[in-house]
Amino acid sequence: MAVYDSNTPEKEDQSFKPIIIVMVLLVVFFCGGYFLGTFLTPKEKEVKEEKPEIMETQYDTDDEKIVSLISRLVAGTDCWNIETYTNDHPVTVKDIPSERIYQVVEISSFYSKGIESVSIEDFDAEIQKYFGKGYLFEPEKIDFNGSNCFQYTYDKETKVFTKRETACGGTCGPNRTQYKITRAVEKEKILKIYVKVLFGSQAESTNFYSDYARTNFVTNDYEHIEEYIYKGEDYIFTFEKEDNHYVYVSSEEM
């Protein structure tokens with residue numbers, strides 16, 4: 001029998017060493033895996049969602065749709081009607097006289113089609129096609145017997161426009177204000193038409209000017225006016241598409 005005394009060293013317990021070794025290895029493997037996953041593995045690039053490109057449509061300057069949008073705005077017997085929109089300040093629908101609004105619709109929607117009578121409701125509906133919704137039209141304030149030579153008269157009692165015979169007619173003389181469409185671009189239902197304007201003298205002479213104030217003389221050679229039209233002032237007409245109609249929004253000098 002073995003005898004132990006106080007001077008005999010006890011043997012160390014060896015049973016926990018394998019467990020400690022395994023735990024250390026697990027920690028090492030875990031840290032190594034984390035390092036590899038975090039720092040060495042290539043990161044996926046963040047994919048940004050691309051917005052669809054907004055298309056821009058360029059129209060020919062002689063496109064019937066473009067030409068008619070401007071020509072109907074200046075309809076009437078006055079040779080300087082375009083100056084309602086092309087002058088020395090920005091113009092919006094609210095700035096256009098009721099007489100001009102009326103004549104545009106009268107000629108474009110009814111007189112040109114030979115219609116004999118029109119209700120105020122139908123007239124209002126046509127105004128919205130050209131000048132947008134919400135325009136307050138008050139025919140009672142218009143002088144239908146004035147110098148504008150309107151093709152219809154208005155009955156306040158029945159609220160009906162009736163076609164009448166007039167002695168108006170003729171063509172504009174060589175001193176009328178000239179304009180030429182130079183560009184037309186549509187983007188997100190907004191159509192912009194670029195127009196050059198040469199201002200006629202509004203007198204007996206055939207002088208033309210590049211500005212509304214008629215201070216910058218350009219030429220008096222009406223026979224070759226096309227050669228000078230590009231010296232005129234630049235204006236932008238803005239239209240917005242509503243219910244498949246292009247309504248006038250504004251016009252201003254560039």
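Small disclaimer: the values here were computed from a predicted structure and weren't measured.
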Quiz item: Which class fits the ring pair Phe208 and Tyr222: parallel under 30°, tilted 30 to 60°, perpendicular over 60°?
Solution: parallel
Quiz prompt | Shortest non-hydrogen separation from Gly200 to Thr177 and the atoms involved | solution = N-OG1, 3.1 Å
Quiz prompt | Any side-chain heavy-atom pair of Lys187 and Thr57 under 4.5 Å | solution = no
Quiz item: Hey, is the main chain of Ala75 close enough, under 3.5 Å, to the side chain of Arg100 for a donor-acceptor pair?
Solution: yes
Quiz prompt | Aromatic ring pairing Phe239/Phe237, orientation class (parallel under 30°, perpendicular over 60°, tilted between) | solution = parallel
Quiz item: Do Tyr135 and Val93 come close enough that some side-chain heavy atom pair is under 4.5 Å?
Solution: yes
Quiz prompt | Pairwise distance OG(Ser98) to CD(Glu140) - rounded to 0.5 angstrom | solution = 10.5 Å
Quiz item: How far does OG of Ser250 sit from CD1 of Ile236, to the nearest 0.5 angstrom?
Solution: 8.5 Å
Self-check item: Criterion side chain to side chain contact (heavy atoms under 4.5 Å, CB included) on Thr238 and Leu191, from CA distance to verdict
Solution: CA-CA 6 Å; Thr238 300; Leu191 172 63; over 6 Å; no
Quiz item: Going through the checks in order, is the side chain to side chain contact (heavy atoms under 4.5 Å, CB included) test met by Glu242 and Lys133?
Solution: CA-CA 9 Å; Glu242 291 183 2; Lys133 299 176 181 178; 4.0 Å; yes
Practice problem: Would you confirm whether Ser108, through its side chain, and Val105, through its main-chain N or O, come within 3.5 Å as a donor-acceptor pair? | Solution: no
Quiz item: Among all residues two or more places apart in sequence or in another chain, which pass the ring pair (Phe, Tyr, Trp, His ring centres under 6.0 Å) test with Tyr179?
Solution: none
Self-check item: Min side-chain heavy-atom separation Glu253-Glu233 under 4.5 Å
Solution: yes
Quiz prompt | Verify same cluster id: Ile225, Val218 (apolar side-chain graph, 4.5 Å) | solution = yes
Quiz item: Roughly how far apart are Asn148 CG and Glu106 CD, rounded to 0.5 Å?
Solution: 9.5 Å
Quiz item: Tell me, which pairs form a salt bridge (charged side-chain N to carboxylate O under 4.0 Å, His left out) where one or both residues lie in residues 82-91, sequence neighbours left out?
Solution: Glu83-Arg214
Quiz item: Got more than 12 heavy atoms from elsewhere within 6.0 Å of NZ, Lys231?
Solution: no
Exercise. Please report the closest heavy-atom contact between Asp221 and His224, naming both atoms and the distance.
Key: OD2-ND1, 3.0 Å
Quiz item: With a 4.5 Å heavy-atom cut-off, do Thr92 and Val249 have their side chains touching?
Solution: no
Quiz item: According to a 4.5 Å side-chain heavy-atom criterion applied to Ile, Leu, Val, Met, Phe, Trp and Tyr, with indirect links allowed, do Val247 and Ile127 form part of one hydrophobic cluster?
Solution: no
Practice problem: Answer yes if the side chains of Thr182 and Lys196 hold a donor-acceptor pair under 3.5 Å, and no otherwise. | Solution: no
Quiz item: Taking the side chain as C-beta and beyond, is there a heavy-atom pair between Met55 and Glu188 under 4.5 Å?
Solution: no
Practice problem: State whether the side chain of Asp63 and the backbone N or O of Asp60 hold a donor-acceptor pair below 3.5 Å, judged by distance alone. | Solution: no
Practice problem: Would you tell me whether Thr84 and Asn81 have side-chain atoms, one donor and one acceptor, within less than 3.5 Å of each other? | Solution: no
Quiz prompt | Same apolar cluster: Ile70 and Val197, side chain cutoff 4.5 Å | solution = yes
Quiz item: If two hydrophobic side chains count as joined below 4.5 Å and joins carry through other members, does Ile82 share a cluster with Ile96?
Solution: yes
Quiz item: Please, which pairs that meet side-chain hydrogen bond (donor to acceptor under 3.5 Å, both in side chains) have at least one residue in residues 154-164, sequence neighbours excluded?
Solution: Asn145-Arg164
Quiz item: So which heavy atom on Leu198 is nearest to which on Gly232, and how close?
Solution: CD2-CA, 3.8 Å
Quiz item: Does the ring centre of Tyr248 sit less than 6.0 Å away from the ring centre of Tyr130?
Solution: no
Exercise. Using ring-ring contact (aromatic ring centres under 6.0 Å, His included) as the criterion, point out the one residue from Phe123, Tyr152, Phe150, Tyr111 that pairs with Phe161.
Key: Phe123
Quiz prompt | Under 3.5 Å: donor-acceptor pair, side chain of Ser119, backbone of Val160 | solution = no
Self-check item: Residue pair Ile66 / Thr61, side-chain heavy-atom distance below 4.5 Å
Solution: no
Quiz item: Is there a donor-acceptor pair closer than 3.5 Å between any side-chain N or O of Asn220 and the backbone N or O of Thr206?
Solution: no
Exercise. Could you check if a side-chain atom of Phe131 sits within less than 4.5 angstrom of a side-chain atom of Leu73, using non-hydrogen atoms only?
Key: yes
Quiz prompt | Distance (rounded to the nearest 0.5 Å) between Arg72 CZ and Ser109 OG | solution = 8.0 Å
Self-check item: Euclidean distance, Ile181 CD1 relative to Leu69 CG, rounded to 0.5 Å
Solution: 8.5 Å
Quiz item: Shared ILVMFWY cluster between Ile229 and Tyr209, side chains joined below 4.5 angstrom?
Solution: no
Quiz prompt | Any Ile190 side-chain heavy atom under 4.5 Å of Val185 side chain | solution = no
Practice problem: Identify, with sequence neighbours excluded, every residue that meets salt bridge (Lys or Arg N to Asp or Glu O under 4.0 Å) alongside Lys141. | Solution: Glu138
Exercise. May I ask you to decide if Lys189's main-chain N or O and Glu240's side chain share a donor-acceptor pair within less than 3.5 Å?
Key: no
Practice problem: Report the relative orientation of the aromatic rings in Phe137 and Tyr102; use parallel for angles under 30°, tilted for 30 to 60°, perpendicular for over 60°. | Solution: parallel
Quiz item: Excluding sequence neighbours, so at least two apart, what forms side chain to side chain contact (heavy atoms under 4.5 Å, CB included) with Asn175?
Solution: Trp80, Ser201
Exercise. Go through Met254 and Tyr194 one step at a time and tell me if the side chain to side chain contact (heavy atoms under 4.5 Å, CB included) criterion holds.
Key: CA-CA 9 Å; Met254 289 179 61; Tyr194 298 77; 3.7 Å; yes
Self-check item: Pairs flagged by salt bridge (charged side-chain N to carboxylate O under 4.0 Å, His left out) wherever residues 117-128 is involved - sequence neighbours left out
Solution: Glu126-Lys129
Quiz prompt | Donor + acceptor pair across side chains of Tyr246, Glu186 (<3.5 Å) | solution = yes
Quiz prompt | CA sep, side-chain torsions, deciding dist, call: Val195, Tyr85, side chain to side chain contact (heavy atoms under 4.5 Å, CB included) | solution = CA-CA 11 Å; Val195 179; Tyr85 316 92; over 6 Å; no
